[in-house]
Amino acid sequence: MTEILAAMIEFENVADFGGADSGSYDQFDDALSRADAMMSQYGNGKELKMFVAPEYYFSGHSITEKGGTAITSLSRSQKHSLYDKIAQSSKSYPNMLIIPGSIAYSKARGFSKRKYYNVCPIAANGRIIHKYYKQTNDTYQSTDDYKSKDYGATFAHANLDFGIDICLDHGHKMLKSSLGNATVDVHILIADGAAPSPMSIAASTDGGAMVFCNMAGRGKNGVLSVVANKFGNPNTAGRNMVAELSQPLTGGMQVALYRGSVN
């Protein structure tokens, strides 16, 4: 069994969060530093360490008058600047798996129509080890010009198999469908609205785990055990998770530390 310590960025009030970019990256790096200190204090050094931010953390983020989400995309150059900064941070915390939420960005070349993307770069051991592009369009960035890239939804780390969904992808069973009859050890779901759905869970019911971080997920985020329900289908145990420890950050944010395990 492998113990998991997962530190997550959470918000007191999502409406107060205006998003982040490469210019405000220091706040993210500060959160990483706090998370590392918390793990050192409450861990034994043998756990799988994870740092997770929600979908659209790196974007212009706002709430509409009707309560919906509106996203202003970053530039392609900002995306690459963030890649460099995240990889540099990973060098400072080489034993931590960093899931920095997602980067909403757009690009246009010449007279071509602007295209919109949403990507989660995953870092460990001082480098970006995988990039997952959201497959489905929630229309928060654009109604009809959303694009994706297929680098796959799975990666390996610390002798474990990981898979990732970004929000709406989970409802469409993107990870689960891509695996066929196979499963992963740890299913990561970062979101700005979605919650774990039994029909979409791709982690093994024999000791698998789900790491869930939602933009408005304070009190519901956490490391969830995956078990078989009475029909033999996967479900999560302990839906309402309680953080072992949390520390406030500027801007109405906090870093919350959750504990779980995977076989």
Side-chain angles (χ1 to χ4, degrees), residues 9 11 14-15 17-22 52-83 86 99-122 128 130-155 162-180 184 187-202 210-217 220-221:
I9 289 179
F11 300 92
V14 174
F17 178 61
D21 57 23
S22 58
V52 191
E55 181 190 22
Y56 290 129
Y57 179 84
F58 288 108
S59 71
H61 189 281
S62 62
I63 303 299
T64 67
E65 291 183 358
K66 295 183 178 181
T69 299
I71 297 297
T72 301
S73 299
L74 306 182
S75 67
R76 184 171 179 267
S77 62
Q78 281 221 355
K79 178 200 70 168
H80 284 291
S81 176
L82 285 167
Y83 282 176
I86 292 165
I99 315 292
S102 69
I103 304 170
Y105 75 98
S106 67
K107 66 178 183 179
R109 293 180 179 176
F111 295 102
S112 64
K113 198 172 184 179
R114 183 164 295 276
K115 299 174 183 177
Y116 296 83
Y117 301 84
N118 189 9
V119 60
C120 175
I122 298 163
I128 304 295
H130 191 69
K131 300 170 189 174
Y132 176 70
Y133 277 79
K134 187 176 182 179
Q135 303 294 301
T136 53
N137 184 18
D138 54 25
T139 72
Y140 293 168
Q141 292 173 263
S142 173
T143 56
D144 60 355
D145 300 317
Y146 183 80
K147 302 295 180 181
S148 186
K149 300 179 183 181
D150 189 5
Y151 293 148
T154 60
F155 62 96
F162 290 77
I164 183 169
D165 275 323
I166 298 180
C167 204
L168 190 60
D169 286 354
H170 188 63
H172 286 266
K173 305 180 185 177
M174 300 304 294
L175 173 60
K176 188 176 180 69
S177 296
S178 72
L179 292 171
V184 293
H187 184 161
I188 300 165
L189 172 59
I190 59 171
D192 190 359
S197 169
M199 297 299 292
S200 300
I201 294 172
M210 188 160 203
V211 176
F212 173 51
C213 184
N214 185 31
M215 180 68 77
K220 298 180 181 179
N221 292 335

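Any value given below was found using the heavy atoms of this structure, including those in side chains, with hydrogens, waters and symmetry copies removed.
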Does the pair His172 and Asp165 meet the rule for a side-chain hydrogen bond (donor to acceptor under 3.5 Å, both in side chains), with working shown? CA-CA 10 Å; His172 286 266; Asp165 275 323; over 6 Å; no
Check whether any side-chain heavy atom of Asp21 sits under 4.5 Å from a side-chain heavy atom of Phe58, and report yes or no. no
Report yes if the side chains of Ser59 and Thr72 come closer than 4.5 Å at any heavy-atom pair, otherwise no. no
Go through it in stages, so that I can follow the logic: the residues are Asp138 and Tyr56, the test is side-chain hydrogen bond (donor to acceptor under 3.5 Å, both in side chains), and I'd like the CA-CA distance, side-chain angles, deciding distance and then a yes or no. CA-CA 12 Å; Asp138 54 25; Tyr56 290 129; 2.8 Å; yes
For the residue pair Phe11 and Phe17, categorise the inter-ring angle as parallel (less than 30°), tilted (30 to 60°) or perpendicular (more than 60°). tilted
Which of Ile164, Leu175, Ile166 passes side chain to side chain contact (heavy atoms under 4.5 Å, CB included) with Ile188? It is Ile164
Taking every heavy atom of Ile71 against every heavy atom of Ala104, the minimum-distance pair comes out as CG2-CB, 3.7 Å
Candidate pair Leu74 and Ile103, rule side chain to side chain contact (heavy atoms under 4.5 Å, CB included), full reasoning: CA-CA 8 Å; Leu74 306 182; Ile103 304 170; 4.2 Å; yes
Compute whether any side-chain donor of one residue and acceptor of the other, for Glu55 and Asn118, lie under 3.5 angstrom apart. yes
Please round to the nearest 0.5 Å and tell me the distance separating atom CD1 of Ile190 and atom SG of Cys120. 4.0 Å
Could you tell me the separation between the NE2 atom of His80 and the OG atom of Ser77, rounded to the nearest 0.5 Å? 8.5 Å
Could you measure the distance from the CZ atom of Phe155 to the NZ atom of Lys131? Nearest 0.5 Å is fine. 14.5 Å
Compare all side-chain heavy atoms of Val184 with those of Leu179 and state whether any distance is below 4.5 angstrom. yes
Check: Asn214 and Asn221 side chains under 4.5 Å, non-hydrogen atoms: yes
Out of curiosity, Arg114 CZ to Asp145 CG, how far, rounded to the nearest 0.5 Å? 10.5 Å
Could you check if a side-chain atom of His170 sits within less than 4.5 angstrom of a side-chain atom of Ser197, using non-hydrogen atoms only? yes
List for me each residue that meets side chain to side chain contact (heavy atoms under 4.5 Å, CB included) alongside Lys147, sequence neighbours excluded, and say none if there are none. Lys115, Tyr117
Just one of Lys79, Lys149, Lys134 clears the side chain to side chain contact (heavy atoms under 4.5 Å, CB included) bar with Val119, so which one? Lys79
Indicate yes or no: at least one non-hydrogen side-chain atom of Pro100 is less than 4.5 angstrom from one of Pro121. yes
Can you confirm if the aromatic rings of Tyr146 and Tyr116 lie within a centre distance of less than 6.0 Å? no
Hey, do the aromatic rings of Tyr133 and Tyr151 have their centres closer than 6.0 Å? yes
